[in-house]
Amino acid sequence: MFDISEETINESELRKNTRDPACGGFVCFEGWVRDHNQGKDVQKLAYEAYPKLAIKEGNRIIAEAMEKFTINKAICTHRVGMLEIGDMAVWVGVSAAHRDAAFQACRYILDEVKSRVPIWKNETWTDGESGWVEQE
Amino acid sequence: MFDISEETINESELRKNTRDPACGGFVCFEGWVRDHNQGKDVQKLAYEAYPKLAIKEGNRIIAEAMEKFTINKAICTHRVGMLEIGDMAVWVGVSAAHRDAAFQACRYILDEVKSRVPIWKNETWTDGESGWVEQE
Amino acid sequence: MKNITILFFGKLKETWKTSELKQTTQAHTIEELYVELLKLCDEEPHKASIKVAINDEFVAWDSAISDHDTIAFLPPASGG
Amino acid sequence: MKNITILFFGKLKETWKTSELKQTTQAHTIEELYVELLKLCDEEPHKASIKVAINDEFVAWDSAISDHDTIAFLPPASGG
């Protein structure tokens, strides 16, 4: 399941919903707001989403991952709104019988979400300027 | 840091020590005892280690990962002794500025630990028999 | 004539200086609508990188526009 | 003559029916010691898959044995 959240990402809840000890393996990724990006000092940032389309596209990606890889559960949540340095921006977790599938699916979901889900990052730098961030 | 543990793996403690929100990304892997393996129904299992050599070799692997990949922190703990179905057998966590390095290092540490660290699995199957498990 | 709603996201909000437009258009496709909209902005955006949606679904540039549609122009995603 | 301690791990404990042996040996290398030890087991193990250690460090099969060394024979790891 894919979701966007305007509140702090509740990763212990997400972990509880994704982990499945009957499975054998669990891989998760957490992405945090760094204090620098593309050579600039970041003070804070905002993620803007096109919510309905973001949730549809995110769930399409999860469905693709379930299809492509032999996995049991996959969950991804992306934060939107104003974030401070150190806040969690994205969380991806996958449970699977084998580690290969768990790693590959987690990576696939993260990469596809970053490139396809309509969410945009607007950084405010320490010099007071702000701007929309192009993909790295 | 690599360690072996005769007690339940305290993953919240390990996460706390590995995660570093200044880093940008965190990847972790959890491996649990499954109720089946290589076509047999598993009731429980025991991991036996050569402790001194296991800790040396595990820390060598962590050092290699720090060298090979641009990562900030890497921790791995492997459980030894008697484990029940659903118990955590191994935990690997990596923090890094970029997701690529975090995924690759986590995978590297897991694969190398499984193949190089002197730990052996003895399974007890539901038919009452038990035996040493060869690598998959 | 069709009455439509146009949504701009990310840096395209700056290009068109708005996030939402209510518009009456004769355009048959998003392609034609885009050409109309170019008159409203000072600097032409990099069209090849823009994705378009109708009523909350990604569609092709040559998709037909219907009365009361919501058309969205999306710059490349930069989440994660 | 050297007095050494020999450790067996995993399934090699079953091969030699013990996890630890105190032995007196004339062997100069682990290779030679291994040949001596084969007399104690019914079935020859798959030598190519065995790793050897002296005093808690992996070493090569042709490594020299010294008095009071602890020699370990390790089957392939199966952790994780």
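Any value given below was found using the heavy atoms of this structure, including those in side chains, with hydrogens, waters and symmetry copies removed. What you are looking at is a predicted structure, and each value in this text was computed from that prediction instead of being measured.
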Heavy-atom contact with chain A under 4.5 Å, split by part of [X]:
| X | value |
| --- | --- |
| Asp87(B) | neither |
| Ser12(B) | neither |
| Val94(B) | neither |
| Ala102(B) | neither |

**Prompt:** For Ala97(A), is it the side chain, the backbone, both, or neither that has a heavy atom closer than 4.5 Å to a heavy atom of chain B?
**Reply:**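 Interface part for Ala97(A): both.
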**Asked** So which of Trp91(B), Phe29(B), Trp32(B) actually passes side chain to side chain contact (heavy atoms under 4.5 Å, CB included) with Phe26(A)?
**Response**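 With Phe26(A) as partner, side chain to side chain contact (heavy atoms under 4.5 Å, CB included) holds for just one option, Trp32(B).
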**Request:** State, with a plain yes or no, whether a side-chain heavy atom of Val27(A) is found less than 4.5 Å away from one of Arg107(B).
**Result:** no
**Message:** Tell me which of these, Gly86(A), Gly93(A), Gly25(A), Ser95(A), has more heavy-atom pairs under 4.5 Å with chain B than the rest.
**Reply:** Gly25(A)
Quick check for you: among [options], which has the greatest number of heavy-atom pairs under 4.5 Å with chain A?
| options | result |
| --- | --- |
| Cys23(B), Gly31(B), Cys28(B) | Cys28(B) |
| His36(B), Glu11(B), Met88(B) | Glu11(B) |
| Ala89(B), Gly24(B), Cys106(B) | Gly24(B) |

**Asp100(A) CG to Asp111(B) CG distance, which is reported to the nearest 0.5 Å** =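 Here the interatomic distance stands at 7.5 Å.
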**Asked** Got more than 12 heavy atoms from elsewhere within 6.0 Å of NZ, Lys52(A)?
**Response** no
**Prompt:** NZ of Lys44(B): more than 12 outside heavy atoms within 6.0 angstrom?
**Reply:**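 No - once you tally the heavy atoms of other residues, nucleotides and ligands closer than 6.0 Å, there are 12 at most.
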**Message:** Between Arg34(B) and Asp20(A) (salt bridge meaning N to carboxylate O under 4.0 Å), is one present in this structure?
**Reply:**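 Looking at Arg34(B) and Asp20(A), the cut-off is not met.
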